[in-house]
Amino acid sequence: MAEKITPQSEDFSRWYVDVVRHAGLADYSAVRGCMVIKPYGFAIWENIRDQLDKMIKETGHQNAYFPLFIPVSFFSREAEHVEGFAKEAAVVTHYRLRLNPDTGEIEPDPEAKLTEPLIVRPTSETIIWNTFKDWIHSWRDLPLKINQWANVVRWEMRPRLFLRTAEFLWQEGHTAHATAQEAMEEAKQMWHVYETLMRDFLAIAPYKGMKTPGERFAGAEETFTLEALMKDKKALQMGTSHFLGQNFAKAFEVMFTNKQGEREYVWATSWGVSTRLIGALIMSHGDDKGLKIPPRIAPVQVVIIPIFKSGSDEEKVLDVANSITERLRNAGIRVLLDDDNTKRPGWKYNEYELKGVPVRIALGPRDVENGVVEVARRDTLQKMQFSIDDLEEKVIELLDDIQQSMLVENERWHRENTIPVSSMNELKEVIEARKGFALAFWDGTPQDEEKLQEETGATIRCILPDDSEEGTCIVTGKKTRQKVLIALAY
RNA sequence: CGGGGCGUAGCGCAGUCCGGUUAGCGCGCCUGCCUUGGGAGCAGGAGGUCCCCGGUUCAAAUCCGGGCGCCCCGACCA
């Protein structure tokens, strides 16, 4: 049942939780920090996943699957990598339980202690590179381009549905290359693939940039990121692609013999996006009525709601409703006919608006008489009338238009909430007033960056690739071509 | 991991300060009637280890001690 949801302006966090729960995306579970993804939420994930999977395969990658458990000794091979993830690792120490004869309680059997503890993967670089070592011997084995769809565990102190949970679903790509240049191109390629997914399917137009050394993935030499601004004007990292250099190759001694017969370390990348994308989707498009899902990933693109007074109208209206449902379905549209007559039309309108279904078609006796239907689009809430005759065509056109408009609207949102600043004071004003991304010239040190975060609470989300103009760094006062985006972030 | 708040029916809450009928309200649920163009109405009904353990008392949702869980806010992270 759809209860009232908290308005965004009143309390954005509560709005978010209300929408996630009332729209049936996910629930809290019995396990702290872990969520249950419900069918409707999982259907969104499946659509995102299927699309991205296709794109990953089209760019020459193959899916595989690696173990959930990683020996601690593997994990500690790459120094920065351990440091980055140690604080949130779940550790498996026993392989059996027993009934304690004294207390009567179930406990890990002291006799069944693992000689080496395992951690539950927070990411799979180490186990994968340990494996790649056996797969790669010659330049002929390269490039090696592998992806896996998996769950990972990071024991988060402060969970939030979809955005930060102890366990989450994602895809992690891992590739090995003969040259640094090729690996760098791979990392950038997948960065672009993510951008395409976000723009063309999620209708989100994130900024593309590089992470500063302090914000890089643990073990990476360069991290490419996609940063979007949510409706509360906080930034969210939607995905990252890393150039790993030879760090993991060296840690796991992954070498190949090149065409000259010399042994060389390989060059690596890794890249991932997670169920966090669903969080981004909710917070990028949603309004006080609930979700807005872009047509291309909406589990239901069109909902059809028949309206009738019981009796003679019923059959007539349902006949037409059934026939247009079938026609739209045959046209490749994901359509749901809601002919449940225990719920009234008004209730359904609200329910499907909450669930973010892009298009609603209502038809009653009057419409049937006139050969039309009432069509309402979720993004603008605009209502119109379509003739039944060429309905397929019109609906396909409308779905395309909604997809496009949502992207345009999101681009506008980013543009309007990106504010150039030319001094620390201006930056503070922008951050304190919570105006979104501050755009600044930056040439500071990691220490300056730390100070920035202490003073404002905001972080450098990314360094923009565009270095076409020169300006003055807001901390050092030096001339620089490097521009950064600064914002409060999730 | 620090600060705050909350655990009473499926959900949201009142009752707790000041112990005392059969623990209550709204929503939801079930049955029936009626209704269907923006979250209908009426009637009847079901549903509770009052988070757990211990203590005080003639009597505990309420007081005392201990524990557990969750949410929110901060530091860390996809």
Pairing partner of C6(B), by Watson-Crick or G-U wobble and under 3.5 Å for both distances, is G69(B)
On RNA chain B, more 5' by nearest nucleotide between R14(A) and K309(A) is K309(A)
Checking N1-N3 plus N6-O4 or O6-N4 for Watson-Crick, or N1-O2 and O6-N3 for wobble, each under 3.5 Å, the partner of G12(B) is C25(B)
Can you check whether R158(A) has a side-chain N or O nearer than 4.0 Å to OP1 or OP2 of G74(B)? yes
Of the listed A78(B), G74(B), U36(B), the closest approach to the I307(A) side chain comes from U36(B)
Query raised in the report: So what does R21(A) touch, heavy atoms closer than 4.0 Å: a base, only the sugar-phosphate, or nothing?
Result: nothing
_Taking G47(B) as the reference, what is the distance to A9(B) when you measure between their C1' atoms (whole Å, please)?_
6 Å
Inset, instruction - Using the P atom on both, measure C51(B) against A60(B) and round to a whole Å. - result: 15 Å
**Asked** How far, in whole Å, is C50(B) from U22(B) if one measures between their C1' atoms?
**Response** 15 Å
Assign the ring pair F252(A) / F248(A) to parallel, tilted or perpendicular, where the plane angle (0 to 90°) is split at 30° and 60°.
parallel
Under 4.0 angstrom, heavy atoms only, what part of the nucleic acid is Y28(A) near: base, sugar-phosphate, or nothing?
sugar-phosphate
Rounding to an integer number of angstrom, what distance separates G44(B) and C53(B) when you compare their C1' atoms? 41 Å
Looking only at C72(B), C76(B), A40(B), the nucleotide nearest the V17(A) side chain is C72(B)
Which of C71(B), A40(B), G38(B) is nearest the side chain of E353(A)? It is G38(B)
For G74(B), the nucleotide meeting Watson-Crick or G-U wobble distances (both under 3.5 Å) is C1(B)
Do the two ring centres, one from H174(A) and one from F66(A), sit under 6.0 Å apart? no
Atom CD of Q237(A) and atom C1' of A78(B) are separated, to the nearest Å, by 6 Å
query: Cut-off 3.5 Å, side chains only: do S124(A) and R121(A) have a donor facing an acceptor?
result: no
**Prompt:** Reckon L236(A) touches a base, only the sugar-phosphate, or nothing at all at heavy-atom distances under 4.0 Å?
**Reply:** nothing
Among the nucleotides G38(B), G37(B), C77(B), whichever has the atom closest to the side chain of E374(A) is G37(B)
- request: Considering only atom P, compute the distance from G32(B) to C70(B) and round it to an integer number of Å.
  value: 41 Å
Would you call the rings of H414(A) and F437(A) parallel, tilted or perpendicular, taking 30° and 60° as the class edges? parallel
note: R154(A), atom CZ; C76(B), atom P; distance rounded to Å ~ 17 Å
Partner of U36(B) under the Watson-Crick or G-U wobble criteria, both distances under 3.5 Å, comes out as none
When rounded to whole Å, the CD to P distance for the pair E156(A) and C77(B) reads 9 Å
note: K38(A), atom NZ; C11(B), atom C1'; distance rounded to Å ~ 12 Å
Interatomic distance, NZ@K355(A) vs CG@L336(A), rounded to 0.5 Å, equals 9.5 Å
Taken to the nearest whole Å, CG/N350(A) to C1'/C27(B) is 15 Å
Taking G5(B) as the reference, what is the distance to U49(B) when you measure between their P atoms (whole Å, please)? 28 Å
Taken to the nearest whole Å, NE2/H242(A) to P/A78(B) is 8 Å
To the nearest angstrom, the CH2-P distance between W155(A) and A78(B) comes to 18 Å
For Q453(A) and C76(B), is the shortest distance between a side-chain N/O and OP1 or OP2 below 4.0 Å? yes
Salt bridge (charged side-chain N to carboxylate O under 4.0 Å, His left out) test vs D338(A) passes for just one of K348(A), R344(A), K343(A), namely K348(A)
### Message
So T165(A), base contact, sugar-phosphate only, or nothing? Heavy-atom distance under 4.0 Å.
### Response
base
query = Under 30°, 30 to 60°, or over 60°: which ring-plane class applies to F224(A) and W191(A), parallel, tilted or perpendicular?
reply = tilted
Rounded to whole Å, CZ of R216(A) lies from P of A78(B) at a distance of 14 Å
Any strand, both distances under 3.5 Å, Watson-Crick or G-U wobble: G44(B) pairs with C30(B)
Check: Does S13(A) place a side-chain N or O at less than 4.0 Å from the phosphate oxygens OP1/OP2 of C73(B)?
Finding: yes
Original post:
Rounding to the closest angstrom, what is the interatomic distance between G69(B) and G28(B) at atom P?
Top reply: 34 Å
Can you tell me how far C1' in C30(B) sits from the matching atom in C76(B), rounded to whole Å? 49 Å
Establish, with yes or no, whether the OP1 or OP2 oxygen of C72(B) is under 4.0 angstrom from a side-chain nitrogen or oxygen of R160(A).
no
inquiry  = Whether R160(A) engages the ring of Y16(A) as a cation-pi pair (distance to the six-membered ring centre under 6.0 angstrom, angle to the ring normal within 45°) should be assessed.
reply    = yes
